[in-house]
Amino acid sequence: MIRLEGVHKHFGHLHVLKDINLQVASGEKVVVIGPSGSGKSTLIRCINLLEKPSHGRVVVDGVEITAHKAQVQKVRQSVGMVFQQFNLYPHKTVLENLTLAPVLIQKVPQKEAEETGMAYLERVGMKEKANAYPSQLSGGQQQRVAIARALNMHPKIMLFDEPTSALDPEMIQEVLDVMTGLAHEGITMVVVTHEMGFARNVADRVIFMDEGVVLEEGSPEHFFNNPTQERTKQFLSRIL
Ligand code: ADP
Ligand code: MG
């Protein structure tokens, strides 16, 4: 579903991604961990071309999105993304947040977008808030709406970039629960997170990044019980 081949990213003199090679199978759940500044966000942003790699190829669902005339817009629609900051439109209601992109970009009829939107809101436990405004919601509620909004584009892939890092502790679990439910439904997921419980329970594979390279990867069992790299052990000892 996702393939990165020899991906490099430079920001000026800064070499942020160094020869990343990564494949994610359809339905696979990959958790990306690593210290701040190691390139995790840049990596997942390359999967929907929010960042353009300086070198290398990115293939998503069979389309090389780094190719010259790739239909980037179309591919991007099949990749949902959820950020640390929820980025809801503040002057739109919850339901309007969900219907805007499907109607404008995918030309879905308004009524259909509302129906599927309500179904996704129900799934994330936010149906009662369909007519509320983002400012009337808690952080955890806003993030659940952001997830429902991404889902209402019917993506094949969901990318999460530290979705619980901006939340108060008591709201983290409600968002992780929604993500865990989603994981069990077979969607392909790439999740940057410091929530090691989630990584243990949900990930098929854990990837540890450090200074722009994938330093270690493996199953959660391998990762948490027998990491081979000294840097991985250090990192885990600090956050577990
Ligand atoms: P992480 O998500 O692991 O914390 P990032 O991918 O956000 O790491 O950043 C990796 C490095 O790239 C950092 O040094 C960061 O400052 C730098 N960086 C990220 N985005 C930009 C940008 N748009 N312009 C310049 N430097 C950036
Ligand atoms: Mg980041």
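The residues of the chain are indexed from 1 along the displayed sequence. First listed ligand is number 1; within each ligand, the first listed atom is number 1.
- Shown here for G39 and V16, the closest heavy-atom pair between the two residues is CA-CG1, 4.1 Å.
- In this structure, the protein non-hydrogen atom closest to atom 3 (O) of ligand 1 is K40 NZ, 2.8 Å.
- When hydrogens are left out, the protein atom nearest atom 1 (P) of ligand 1 is G37 N, 3.5 Å; that is the closest non-hydrogen contact.
- Contact annotation for atom 16 (O) of ligand 1: protein absent (non-hydrogen atoms, distance under 4.0 Å).
- Considering backbone and side-chain atoms together, E51 places no N or O closer than 3.5 Å to any N or O of ligand 1.
- Remark: K233 is not positioned above the aromatic ring of F235, lacking an NZ or CZ atom under 6.0 angstrom from the ring centre and at most 45 degrees off the axis.
- How far CZ of R144 is from CE of M171: 9.5 Å, rounded to the nearest 0.5 Å.
- Under the 4.0 Å distance rule, the nearest protein heavy atom to atom 10 (C) of ligand 1 falls inside the cut-off.
- On a distance-only criterion, V16 and ligand 1 share no N/O pair closer than 3.5 Å.
- Heavy atoms of L14 found under 4.0 angstrom from ligand 1 belong exclusively to the side chain.
- The protein atom (non-hydrogen) at minimum distance from atom 7 (O) of ligand 1 is S41 CB, 3.6 Å.
- Ring geometry for H154 against Y120 counts as tilted: the plane angle lies between 30° and 60°, on a 0 to 90° scale.
- Annotation: atom 8 (O) of ligand 1 to nearest protein heavy atom, G39 N, 3.2 Å.
- Heavy-atom proximity to P35, at under 4.0 Å, picks out these atoms of ligand 1: 3 (O).
- Remark: R149 is not positioned above the aromatic ring of F86, lacking an NZ or CZ atom under 6.0 angstrom from the ring centre and at most 45 degrees off the axis.
- Close N/O approach between F11 and ligand 1 is not found [any backbone or side-chain N/O within under 3.5 Å].
- In this pair, H15 and H10 present their aromatic rings parallel. The plane angle is below 30°, not in the 30 to 60° band.
- For ligand 1 and T42, the ligand atoms under 4.0 Å from any heavy atom of the residue are 5 (P), 6 (O), 9 (O).
- Figure legend: cation-pi geometry between R200 and F224, with NZ or CZ positioned under 6.0 Å from the six-membered ring centre and within 45° of its axis.
- For the Mg ion (ligand 2), protein N/O/S neighbours under 2.8 Å (waters excluded) are S41 OG.
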